[in-house]
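Reviewing the structure listed below.
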Amino acid sequence: MDLVKHAIVFLVIFVSLGCSSDKSDDSSSKVQFSGKPGAQACSIIINKCSGCHMKGGSAPFPLTTYQEIKKRGNAIAEVTSSRYMPPWLAQETAHAFEGDKSLPKSEIQLIREWVESGMIKPISDFEGLVRTNNIVEWKLGAPDLVLEMKSTYEMPAESEDIYWHFVIPSGLKTDRYVKGFDFKPDNNRIVHHAFIKIDKTNSSRRLDEAGGGVGFDGMDSGNNAVMPDGHFTSWQQGREPKFTEEGVSWLLPANSDIVFQLHLKSTGKKERIKSRIGLYFAEKKPTKYLKKINLTRRDFKIPANEKAFKLRESFTLDSPVYLRAVMAHAHYLGRTINANIIYPDGRVEDVLHIPNWDPAWQSEYVFKEPIPLPRGATLIGEISYDNSMDNYRNPNPKPMEVSYGTTIKDEMFEVAFQLFADQEKQLDKISAHIDEYNKNVLLNATTFQIEQDPNNADEWCFLGQVYLSNGAYSQAYKSLKKSIDLDPSNAKSYYYLGLYYRFKEDLSRAEYNFIKAIKIDENNAKAHGNLGFVYIDKKRYSKSKLHFQRALEINPQDEIAREKIRVLERNGY
């Protein structure tokens with residue numbers, strides 16, 4: 001059944017069955033209905049639950065027939081009354097969200113009353129809905145491009161949570177803009193969530209090949225595999241695929257790789273997985289320009305037995321923009337999450353309130369109507385944590401001090417605001433301001449980590465990078481030298497020390513350090529590229545060309561190296 005026919009069938013059925021609600025809803029697939037309670041209750045369950053609870057869906061059992069619903073009637077009444085299901089963490093605020101799965105009180109009460117009255121079978125109209133409620137492979141229609149993991153991955157029967165990266169070449173020969181995607185985990189039992197990232201440098205591909213072509217481990221995919229700038233590209237249980245609105249899309253560069261970062265959970269038996277994704281291309285370039293500001297902290301410790309530890313961050317806009325969406329992230333100690341706007345006139349507005357955080361159901365919340373924000377508006381993010389034994393999700397049976405980290409036993413603080421403007425220049429000033437905010441976050445975080453572990457060479461190297469980006473050259477030099485003293489085999493430290501000497505116009509020392517970096521890591525494309533510039537300055541053009549060629553070989557997306565090779569060849573080298 002094609003997408004149009006599928007939509008028509010559901011529209012006709014929902015018109016005949018309807019859905020009672022005391023919330024306003026402009027969805028064309030739901031109408032008011034004054035029929036019998038059984039038909040109404042089943043309609044609510046079909047509307048809000050069967051998208052996951054169907055054969056082949058992400059939920060563990062189907063709820064697509066009267067018999068299936070009746071079998072679990074008491075449980076349905078209980079989890080809807082407690083608002084554990086349908087999974088929708090956000091409470092209602094002044095700004096409505098797209099795809100709101102929450103049930104109003106009237107619908108919760110209707111389901112409970114139907115269950116308590118014996119769950120009388122609805123009229124025969126319900127059977128028509130059951131027959132058409134089969135899973136559709138691609139809910140948005142046939143994708144323009146389908147990418148699949150190269151091989152099947154086997155999850156051990158007994159294991160802690162695994163974070164694994166799978167690299168799939170896009171095969172694109174030209175840049176394309178993506179307006180929607182449909183991620184198919186393949187095995188819903190073991191996938192907690194997925195982040196969809198892009199790598200245009202080949203670095204993830206090299207990590208994949210080094211591990212035998214079955215991906216690579218870790219929550220951190222490095223700086224080269226990233227979500228598209230300004231966008232949330234993730235999948236969680238229950239998330240439905242959708243197209244972005246007109247004018248919104250993200251760039252998938254030619255020759256780039258798609259990277260699935262999967263959070264996998266064991267089930268007590270061996271499991272296999274081979275995920276894929278369907279991509280839908282826009283015909284035109286975006287006309288709305290998006291940017292994310294991720295309010296975050298990495299310099300904290302949550303004391304053991306602390307039941308209400310709070311973190312708060314803010315960011316003040318220096319240009320007017322629109323707020324399109326908000327997304328928060330914490331681990332198992334997270335309890336309440338708030339996102340607020342303080343307007344220049346002092347008004348405070350809640351845009352996201354999650355009273356009972358559950359990391360199993362994290363998602364972004366897109367506003368039905370973008371919120372206009374004036375210059376001077378302040379974005380506020382706040383998360384409260386419960387590190388006591390009263391928190392049944394606490395991963396430590398005996399509470400212990402917890403700090404920032406990427407494993408499930410660590411914690412994170414992230415409240416991200418997705419902003420957009422109709423003109424790219426409007427975002428330039430905000431982007432520069434966001435860059436400064438991010439540098440300060442990294443500086444504070446790295447300084448904090450070094451205080452905890454003064455002999456961590458990687459942190460000293462990272463601190464050197466941050467100082468370099470801020471133009472604090474003296475501090476950068478000291479930090480990088482400290483990193484090399486602690487670990488003389490750290491290629492990144494030599495590379496950034498080479499950059500330091502390039503900035504100081506000391507070509508000989510820059511050359512020495514870039515060569516040291518390459519001897520340790522021959523695939524350091526940036527070191528090769530910078531050596532190319534050093535040799536141009538030294539008028540050693542043939543040698544310069546060799547290093548630009550090597551940089552381009554490692555990273556085919558390096559347009560600077562490509563252009564320098566053209567210039568050198570035009571001049572006879």
Do other residues, nucleotides or ligands put more than 12 heavy atoms under 6.0 Å from the CD atom of E78? no
Going from NZ on K197 to CD1 on I258, what distance comes out if it is rounded to the nearest 0.5 angstrom? 12.5 Å
Charged N-O contact under 4.0 Å between D100 and K368: no
On the 0 to 90° scale, with breaks at 30° and 60°, tag the F315-H433 ring pair as parallel, tilted or perpendicular. tilted
Name the residue from E98, E369, E245 that meets the salt bridge (Lys or Arg N to Asp or Glu O under 4.0 Å) definition with R324. E245
Count the heavy atoms belonging to other residues, nucleotides or ligands that lie under 6.0 Å from CZ of R375, then report whether that count exceeds 12. no
Distance-only donor-acceptor check, side chains Y289 and Q426, under 3.5 Å: no
Should the pair R206-E209 be classified as a salt bridge under the 4.0 Å nitrogen-to-oxygen rule? no
In Å, rounded to the nearest 0.5 Å, how long is the span from CD1 of I69 to SG of C49? 8.0 Å
Can you confirm whether more than 12 heavy atoms, excluding those of Y84, are under 6.0 Å from its OH atom? no
Under a 4.0 Å N-O cut-off, is there an ion pair linking K242 with E364? no
Pairwise distance CZ(F181) to OG(S234) - rounded to 0.5 angstrom: 6.0 Å
Within a reach of under 6.0 Å around CD of E559, are more than 12 heavy atoms found that belong to other residues, nucleotides or ligands? yes
Side chains of N255 and Q557 in contact at under 4.5 Å (non-hydrogen atoms): yes
Let me confirm one number: the CD1-CZ distance from I190 to R272, rounded to the nearest 0.5 Å. 10.5 Å
Once rounded to the nearest 0.5 Å, what's the spacing between atom CZ of F420 and atom NZ of K288? 4.5 Å
Check the surroundings of atom NZ in K439: do more than 12 heavy atoms from other residues, nucleotides or ligands lie under 6.0 Å from it? yes
Just so I know, are the side chains of Y177 and K285 near enough to count as touching, which here means a heavy-atom distance under 4.5 Å? yes
Please lay out, stage by stage, how Y365 and W88 fare under the test ring-ring contact (aromatic ring centres under 6.0 Å, His included). CA-CA 10 Å; Y365 295 90; W88 185 261; 5.0 Å; yes
Rounded to the nearest 0.5 Å, how far apart are CD of E283 and OG of S249? 11.0 Å
Please say whether the positively charged group of K184, taken as NZ for Lys or CZ for Arg, lies over the ring of W138, i.e. under 6.0 angstrom from the six-membered ring centre and within 45 degrees of the axis. yes
Would you check if V366 and F232 make a side-chain contact, meaning some heavy-atom pair closer than 4.5 Å? no
If you count the non-hydrogen atoms of other residues, nucleotides and ligands that lie under 6.0 Å from NZ in K291, is the total more than 12? yes
Please indicate whether F281 has more than 12 foreign heavy atoms, meaning atoms of other residues, nucleotides or ligands, lying under 6.0 Å from its CZ. yes
Answer with yes or no whether the side chains of H263 and D161 bring together a donor and an acceptor at under 3.5 Å. yes
How far apart are the closest heavy atoms of S266 and M155, and which atoms are they? N-CE, 3.4 Å
Can you see whether Y280 has K179 sitting over its ring - NZ or CZ less than 6.0 Å from the centre and within 45° of the normal? no
Counting heavy atoms not belonging to E154, are there more than 12 under 6.0 Å from its CD? yes
May I ask you to say whether D208 pairs ionically with K150, meaning some side-chain N is under 4.0 Å from a carboxylate O? yes
Take F183 and F260, measure what ring-ring contact (aromatic ring centres under 6.0 Å, His included) needs, and give me the verdict at the end. CA-CA 10 Å; F183 178 75; F260 298 159; 5.1 Å; yes
Please state whether the rings of H329 and H331 are parallel, tilted or perpendicular, taking 30° and 60° as the class boundaries. perpendicular
Using side chain to side chain contact (heavy atoms under 4.5 Å, CB included), reason through I380 and N338 one step at a time and then give a plain yes or no. CA-CA 8 Å; I380 305 289; N338 291 290; over 6 Å; no
Does any part of the side chain of Y437, heavy atoms only, come nearer than 4.5 Å to the side chain of E313, both counted from C-beta? yes
